[in-house]
Amino acid sequence: MCGIVGYIGTFRDPKEVLLTGLKHLEYRGYDSAGVAWLENGKTHIEKCKGKVAQLENQIKNVSIKSTIALGHTRWATHGKPSTINAHPHQVGNITVVHNGIIENYIELKKELRAQGYTFQSETDTEVIACLIKKESEKSKTLEESVQKALRKLQGSYAIVVMNELEPEKLVAAKKASPLVIGIGKKEYFLASDIPALLSFTKQVAYLDDYETAILTPHRVEFQNMKGEHISKKITTITWSAQTIEKAGFEHFMLKEIYEQPQAIIHTLSGNLSENHDKVLLPLEEAFFNNVQTIYLIACGTAWHASLIGKYLLEKFANIRAEIDLASEFRYRNPILKENDLLIVTSQSGETADSLAALQLAKERGIKTLAICNAKESSIARAADQIIYTEAGPEIGVASTKAFTTQILIFNLLSLYLAQKNKNVSKEILELTKIPSYMEQVLSQAEKIKNIASKYYQKLAALYMGRDILYPIALEGALKLKEIAYIQAHGYPAGEMKHGPIALVDQELPVIALLQNDSIFEKMMSNVEEVKAREGIVIAISQKPIKIADDNIILPLAQWHINPFLYSIPIQLFAYYMARFKGTDVDQPRNLAKSVTVE
Ligand code: AGP
């Protein structure tokens, strides 16, 4: 969603910092972009609808002679994508960029209008600028006006503010939307996410909710909302700037698909004993004692990984696992008991609904565990215990390596719990074979591309699987929808007769996921039924399916390893379908990488 970049300092060209930062936030999804800076005590703003490249072109002949500047990419929530609604927003001497949603902006706007204020845009953000402007007339400092104005807001925000009357200061604050401070030598940076900062510094401090950062070219100070000084931990980022580049791949998504074997190796590392026969996890010894029911909560792809987690936890650890979408769980007043545990899974660690579900569980006093990829993200910090996936930065909007590393954590967790009561050393050892299995599947990319070339003009597709491959059917359909914009459904194959088989005709590709197990024959019957109705069958299986129109054959692996292998063809198929269609693979329309608002 929206991306924020800020710079204060004398060492660099602010234009370069802002454009580099904004380009590295493009993956978050946006529809307009803008920058603002102070020059000789006056605010200058340039903004436009469209991509950062358009903004770059718009300011190509503008030299920014300034030590203080803000940049923003907007993902429209209140008001359509347009230049006027793009950030930054200026009210008098105050200029603001904002990520989040102000829920009471209509009431506030009404009040401010009654007091004589006027508004240029349809956004909720302009209300923040207006409130800060109003407070600045009776406050001594910008931080004081910001802190007072924020008390009136309901909703979520990460904001950065500058004031013509205090030209050597940026003030930032946040609640439920991420904001990171980059610390240089006599220069400071602000951003919604680490990739925007990596070219300039690796020293960062994460702002927490209800905290303010006051940045000058010489120092950064942190305060709570009462204006009291607080100290913050400085963290060193271990990613290299290269990890956020495409490294010769045409798209981040393709690069990330190919990075999966490495991501699995990194996630396994440190979580297995030397002989690879025991799982070691960074959890408190007694954390799982007496746990009765585990609630698995997430959104989108992370929810699909959690659904696989349910199969794994119930089979290996013999623990009841309930699965729910974060957006449903948080509003349905779930029955939670003392010995229940909530596991929230999130790549970004900033998904608004997942964070709210986690907070609900904490308020109800049950234990919480997060599975996250983004270090020190809001979810990672809020949960009682955290297990990190080590996928590295995932930039493509379509989640790939985060998904398979999440499945790996669920494998590790189930086997970790199982090993207390039984010998699961063989199953644990199998985990170390995943990277080489994945390489074998990746070597079939050309074949998958050829299959996609036959079907990319189809208007719909259906994915079906059973048991632990049913979530992969859901994930395949999601991938195809989000990047190739093709209507796609994922179904448990046993449900075909209860409705979806009515869709089958000679135009419908059905992607059938078959594994060599006790229900292989059941899946075969589903395939036969599709063929009997002239549907097109693309079989992803572990042995040739003669009646299928196309076959993708995967290595034979154990049941708990299969989701890793079946993930790759569905990712590559969606990728190539999108490539042939010519859609925007890394930044699909209307989508954001980090869904920080409801
Ligand atoms: C994945 O391809 C999607 N873009 C999306 O469903 C994503 O998985 C979901 O928004 C959850 O994000 P999170 O893992 O960062 O919480």
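Numbers for residues simply follow the sequence, beginning at 1. Remember, it's 1-based here, ligands and their atoms both numbered in the order they're listed. This is a predicted model, so every value here is computed, not measured.
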What verdict does the salt bridge (Lys or Arg N to Asp or Glu O under 4.0 Å) test give for Lys447 and Asp550, after you've listed the backbone C-alpha separation in whole Å, the side-chain angles of each residue and the deciding distance to 0.1 Å? CA-CA 10 Å; Lys447 182 174 184 187; Asp550 296 280; over 6 Å; no

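Ion pair Arg364/Asp340 not flagged as a salt bridge, since none of the NZ, NE, NH1 or NH2 atoms sits closer than 4.0 Å to an Asp/Glu carboxylate oxygen. No salt bridge links Glu390 with Lys401; every basic N to acidic carboxylate O contact stays at or beyond 4.0 Å. Salt-bridge formation is not detected for the pair Glu250/Lys246: no Lys NZ or Arg NE/NH1/NH2 atom is positioned less than 4.0 Å from an Asp or Glu carboxylate oxygen.
In the model, Gln203 has a side-chain atom that pairs as donor or acceptor with a side-chain atom of Thr236 under 3.5 Å.
The side-chain contact (heavy atoms from CB on, under 4.5 Å) search around Ser567 returns Phe403, Thr404, Ile407, Ile472, Gln571, not counting sequence neighbours.
Enumerated by chain and number, the residues approaching ligand 1 to less than 4.0 Å through a heavy atom are Cys299, Gly300, Thr301, Ala302, Ser346, Gln347, Ser348, Thr351, Val397, Ala398, Ser399, Leu478, Lys479, Glu482, Val595.
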